[in-house]
Amino acid sequence: VLTYTILVNGSYKKGDLVMANGYFDEMLLNGVDPDRIAYTTKIVGHMKAGDRSDANNMHEEMLEKGFPPDVIIYNVVVDGLYKSGNWARANEVLEKMIQDGINPDHVTYTSIIHGHLENGHFRKAGEVFYEMRTRGISPSVVTYTVLIHSNARKGRLKLASIYFKEMQDEGIKPNVITYNAMINGLCQSRMLEQAYELFLEMEKKGIHPNKYTFTILINANSNRENWQEALRLYIDMLDREIEPD
RNA sequence: CGGGUAACGACUUUU
């Protein structure tokens, strides 16, 4: 089951629904019984591909096999609803989730916070962030990265920096994406020097810049017509064997 | 100890 699930999930990530179905069927043919995770993988894959009907069929089959919806299924649904602007529906599902005795976890909260931030509801996002902590649910790196990213992107750099520091005070280590979010915000606010400081800082910590990091910096320099620096970064990137897009 | 959910950039219009 494990092996097949990995194959199925890998196919979805490549966007190959046919291949995913192929592996899933092959698993059945070999007499392997899908478990909760195998079913969820398939449902999520189809939902993300916009294929709701097939996802629904699978969902019913899961119920028949005695796998009630778990936290992850709910998280996926809630996240999808927020991303499509279905606020009312998202809240209904959240209530149902709680009625079913499934508690929202840090992923659920991160999706909610992200939804608010992307809609400019900064205050609301802050409230939910506060609420999750009072419920004893610890924010993850992703939670902080989302907060940093949205705030930094809209020029609220001081708040982003506060989160950046706060997470580290709490022992949560920023990763490449967190750094990229900060660097991106700084570049957009024309604070290239500080962006470069973070760039150096991450390398010092052994966090390797990726193609996103380089694209952000190259783009910022291009906008300022610092062609030579942009080129230098590009070459630097190739030297590290990072593929340009 | 390895399988499912949330987070990052630019590009995206010559018919």
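Chain letters run A, B, ... following the sequence lines, proteins first and then strands; every chain starts at 1.
In this structure, the side chain of A:D25 does not engage the main chain of A:L28 through any donor-acceptor pair within 3.5 Å. Distance alone, capped at 3.5 Å, places no donor-acceptor pair between the A:D100 side chain and the A:I102 backbone.
Within 4.0 Å of A:V107, counting heavy atoms only, lies at least one base atom of the nucleic acid. At a threshold of 4.0 angstrom between heavy atoms, the contacts of A:V76 are confined to the sugar-phosphate backbone, with no base atom among them. Residue contacts shown for A:S140 include a base, since a base heavy atom lies under 4.0 Å away. As judged by a 4.0 angstrom heavy-atom cut-off over every strand, A:T110 is placed among the base-contacting residues.
Along RNA chain B, the stretch of nucleotides lying under 4.0 Å from any heavy atom of chain A spans, 5' to 3', B:rG3 to B:rA10.
Among residue pairs with one or both ends in residues 154-167 of chain A, those qualifying as salt bridge (charged side-chain N to carboxylate O under 4.0 Å, His left out) are A:R133-A:E166, A:K165-A:D169; sequence neighbours excluded.
Relative ring orientation between A:F67 and A:Y39 is described as tilted, the plane-to-plane angle lying within the 30° to 60° band. Ring planes of A:H46 and A:Y12: perpendicular class, angle over 60° (limits at 30 and 60°).
Within 6.0 Å of CZ in A:R190 there are 12 or fewer heavy atoms belonging to other residues, nucleotides or ligands.
Each of A:F129, A:Y82, A:W87 was evaluated against A:H121; a single residue qualifies, A:W87, per the ring-ring contact (aromatic ring centres under 6.0 Å, His included) test.
With pairs defined as Watson-Crick or G-U wobble and both atom distances under 3.5 Å, not a single stem of at least three pairs touches RNA chain B.
Side-chain contact check for A:F122 versus A:H116: every heavy-atom pair is 4.5 Å or farther apart.
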